[in-house]
Amino acid sequence: MPLLEFTERGIFCPEAGVYVDPSRSVSRAVITHAHSDHIRPGCGSYLCQRMSAPLLRLRLGADCSIQEVDYGEKMMCNGVQISLHPAGHIPGSSQVRFQRGGETWVVSGDYKLEDDGLSKPFEPLRCQVFITESTFALPIFRWSSQDEVFGQIREWWQENQSYGRVSVLLCYSLGKAQRLLSRLAIDAPGPVYCHGSILAVNHVLTQAGLRLPSARKLTDSLSREEMSGALVLSPPAVVGSRWLEQVAPYTLAWASGWMAVGRMRRRRRTERGFIISDHADFQGIETAVRESRAARVLVTHGYSRQFARYLCEKGIEAEVVDPEKEAADE
Amino acid sequence: MKAFAKMLMSVRAEAKPDYQVRAVSSYLSKLSEPDLSQALFFLNGGRLKKLAMADSLHKWGLEMSGCPGWLFDECAALSGDMCETVALLIQGSGKRAYSLSECVAGIESWRSLDEISLGERVKEAWRQLGPDECIVFNRLLSGALRISLDKFILARAISQVSGVSEERLRLRLDEGIDDGEGAYAKLVSPEGLACDNLCPYPFLTSREIGSADEIPGMLSDWHIEWQHDGHVSQVIVKDNRLAVWTLEGECITVKLLPSLRDELIGLPGPVVLEGVIAEHPATRQEIFVARDILETEAGQAWKEPLAVRRRRLERYLEDISGLRFVRLSAPLSCSDISELLALREGARSAGACGVFLRHRDSSFAPTPEAPQWLTWPSSPFRLKGVLLYAEKGAALDGEYEEFTFGIWDGDRLIPFAKTGSGLSADELKGITDFIETHRRESFGPVRSVEPKLVCDIVFDGLSVSGRRKCGFTLRNPRIARRCPEAEIWDAASLGDLQKCATGGFGVVAVPVI
């Protein structure tokens with residue numbers, strides 16, 4: 001029996017009886033990270049890294065059963081050893097390693113190789129079978145260094161200040177927002193405000209011991225002086241809402257890996273985007289695959305068909321393990 | 001090229017003209033020749049002839065990227081843009097900062113090369129360009145770089161950088177600019193160019209009045225004519241050149257229909273006329289209704305009293321035979337306020353939108369403390385309509401913002417007015433509550449509503465449109481009030497709407513022009 005199977009409900013270890021990031025409610029789930037497309041409410045129990053646990057409670061409610069573990073902590077489960085290892089995607093994000101006898105499989109979860117200063121950096125793990133995500137696994141996705149991108153964002157922010165308007169940077173509330181905040185609020189040219197959903201995540205993460213710069217809450221009683229020259233971090237859902245109108249005059253930009261492609265920018269009705277992602281780019285994924293020394297690579301979540309074919313042509317045994325969906329969300 | 005690429009992005013990203021002006025002016029302010037003239041060429045709508053096809057870009061890009069062909073094609077399919085795909089895949093270093101004019105000069109010097117040598121040159125350039133510049137470079141190569149920037153934005157940006165007036169720049173840009181080095185210097189030259197004397201005089205604006213009591217002095221002191229519906233403009237003809245400026249500061253010479261433009265350019269010059277570019281209510285042709293004359297062969301006339309200018313204008317137009325699209329705005333005679341009231345009420349059936357009064361002693365110079373130009377608009381058209389559809393705004397928590405009202409065509413209701421304006425917050429809430437309890441179907445953001453709610457719809461005019469079910473497009477429709485007392489049978493009919501268009505008597509009224 002193979003160590004892991006790929007079922008409609010998600011990646012399954014039959015011997016241990018656990019699913020990784022199941023897409024339906026199951027009795028036992030291992031969660032790689034707390035983004036909502038990776039957690040399903042209603043599971044019997046959840047296992048995750050310590051930093052992820054309060055985020056899971058934030059999303060699922062306080063009464064769900066969660067087992068918290070540290071990175072590298074080993075658990076035996078019916079002869080299968082399971083451990084979580086840093087994936088570098090967002091705080092608490094993990095790769096899941098399954099070992100049985102001399103056999104090792106690793107589920108990457110979502111990951112990036114660059115150290116963002118908040119998440120524990122990606123740890124390369126040797127294994128026979130590596131299951132990798134492929135959100136940005138096309139060679140047109142090639143990230144510049146984050147220092148360069150933060151420089152661009154800062155330049156944009158200062159230009160907007162000189163025009164007398166507020167800079168609104170759209171980003172996901174968990175992960176990207178904290179990464180942007182931790183870099184942009186240091187030596188900031190102006191005040192930084194956050195949307196309530198971001199502050200809720202910040203609160204949970206700082207309670208769990210993460211160090212984050214403080215940010216102000218955007219309320220409707222703020223004066224023009226208080227908003228002058230400000231940077232606002234906000235989830236994309238606010239576009240077109242009244243919430244956004246209170247900071248006028250403002251200008252919008254997105255922070256996302258999808259901003260690399262003009263068509264994707266236009267799909268989000270923007271021209272201004274900063275290419276910064278919490279996923280590995282094409283080269284990053286290839287590096288992770290090579291460092292795993294895996295004899296077999298299983299590709300999921302994104303441009304899996306293309307990346308599996310690419311690996312095969314490079315002499316690495318690879319196959320697609322889920323129906324391809326053009327990943328629309330990061 | 002970096003700065004050029006950044007400016008292009010900003011111009012696309014900014015929705016408001018003011019910010020587009022800033023993006024262009026801050027870019028230009030950092031340039032020097034020959035880049036200034038080169039940038040001007042593109043900003044003014046110029047484009048290069050195509051040198052390389054997408055197929056060639058594809059071939060060279062594939063060779064240089066080292067990417068398998070099928071993977072290259074997957075990327076191209078995602079991007080949908082060969083210029084971008086190549087730029088993202090070839091991994092140029094971005095080490096050497098090419099200037100815009102260097103790139104263009106390079107491309108122009110390659111025109112005689114064969115395909116193979118051209119490929120070598122292009123790849124050599126690609127190695128040194130960063131991705132953003134490379135996209136722009138590829139668009140230049142394939143003749144696809146075209147900037148659609150409003151002329152007034154360009155003129156304003158250059159005006160900010162150079163200090164030359166916007167009007168002068170508009171005229172000089174319209175006149176056409178030279179290619180190559182020196183074009184920018186010539187455009188902003190302090191010396192007069194032939195077209196410079198086509199700048200307009202400062203426009204006078206009129207004050208809107210709501211009743212006859214607001215007319216100062218004796219009624220006989222005022223010259224009265226129709227308020228024509230259209231663009232208040234100045235027509236300037238000098239040395240066989242023509243410029244037409246609107247009150248809003250736009251130079252619309254090239255936008256006029258050729259029939260009108262040809263007639264205007266044939267007017268004996270030099271002359272500066274003021275009037276309205278309008279649609280003839282009967283023939284629907286574009287015409288110029290002359291109201292004033294500001295400059296003639298004899299020199300400036302704008303300081304003279306209106307009465308003198310009117311005589312000049314009449315004489316000037318009388319001497320020209322065969323005018324078809326240039327008309328004199330006819331004076332209206334009225335001896336007392338009651339006659340003026342009657343004129344105002346009859347304005348719509350005469351194809352006008354109100355009455356226009358100017359003091360007979362006034363010069364063509366602004367007098368803000370005592371306005372000497374007055375407009376008294378006619379009451380708007382008013383019809384009862386039944387709410388048929390409501391549409392939500394773009395926001396997620398959006399409220400209903402646009403409402404479509406219907407009128408009777410036989411025994412069915414057809415849409416005739418779509419509007420969101422005119423409602424107070426309370427009325428909007430009332431209508432929103434009604435929609436929530438009476439909605440039937442959803443089509444995206446649009447809800448169809450049971451036909452029960454009747455409102456008074458007012459509008460300022462209407463024009464024939466084959467694209468509307470009712471046959472007309474309304475001008476500035478708004479909701480005057482909700483009519484709770486009205487039944488849906490009280491709503492207007494298609495016949496009532498058609499009467500609005502024909503002056504109320506079943507025939508197209510020919511106005512006094």
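Given the structure is predicted, the values throughout are model-derived calculations rather than measurements. First the proteins, then the strands, lettered A, B, ... as listed; each starts at 1.
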The interface call for A:S162 against chain B, heavy-atom contacts under 4.5 Å, is backbone

Relative to chain B, which segment of A:A260 carries a heavy atom at a distance below 4.5 Å: side chain, backbone, both, or neither?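 The answer is the backbone of A:A260.
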
Does any part of the side chain of B:R12, heavy atoms only, come nearer than 4.5 Å to the side chain of A:R266, both counted from C-beta? no

Using a 4.5 Å heavy-atom cutoff, which residues in residues 129-144 of chain B come close to chain A? none

May I ask you to list the residues in residues 44-68 of chain B that approach chain A closer than 4.5 angstrom, counting heavy atoms only, ordered by number?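 Near chain A, by residue number: B:C67, B:P68.
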
Under 3.5 Å, is there a donor-acceptor pair between the side chain of B:E84 and the main chain of A:V261?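 Absent.
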
For the pair A:E155 and B:K6, evaluate side-chain contact (heavy atoms from CB on, under 4.5 Å) and give the outcome as yes or no after the intermediate values. CA-CA 12 Å; A:E155 196 184 308; B:K6 187 172 173 245; 3.6 Å; yes

Value rounded to 0.5 Å, distance of [atom1] in [X] from [atom2] in [Y]:
X: A:I140; Y: B:F72; atom1: CD1; atom2: CZ; answer: 10.0 Å
X: A:E313; Y: B:W70; atom1: CD; atom2: CH2; answer: 5.5 Å
X: A:F282; Y: B:L71; atom1: CZ; atom2: CG; answer: 5.5 Å
X: B:L88; Y: A:R142; atom1: CG; atom2: CZ; answer: 7.5 Å
X: B:L78; Y: A:W258; atom1: CG; atom2: CH2; answer: 7.0 Å

Can B:E74 and A:R309 be counted as an ion pair, charged N to O under 4.0 angstrom? no

Partner set under salt bridge (Lys or Arg N to Asp or Glu O under 4.0 Å) for B:E14, not counting sequence neighbours: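 Here the qualifying residues are A:R165, A:R272.
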
On a heavy-atom basis, which atom in B:A23 and which in A:Y163 lie closest, and how many Å separate them? N-OH, 4.2 Å

Using a cut-off of 6.0 Å, state whether more than 12 heavy atoms not belonging to B:R146 lie near its atom CZ.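 No, CZ of B:R146 has 12 or fewer neighbouring heavy atoms, counting only those of other groups under 6.0 Å.
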
Assess whether atom CZ of A:R263 is packed by more than 12 heavy atoms of other residues, nucleotides or ligands within 6.0 Å.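 More than 12 within 6.0 Å, yes.
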
Donor-acceptor pairs under 3.5 Å, side chain of residues 24-31 of chain B to any protein atom, not counting sequence neighbours: which ones?
from, atom 1, to, atom 2, distance (Å)
B:S25, OG, B:V21, O, 3.2
B:S25, OG, B:R22, O, 3.3
B:S25, OG, B:Q160, OE1, 3.3
B:S26, OG, B:R22, O, 3.4
B:S29, OG, B:S25, O, 3.4
B:S29, OG, B:S26, O, 2.9
B:K30, NZ, B:S26, O, 3.3

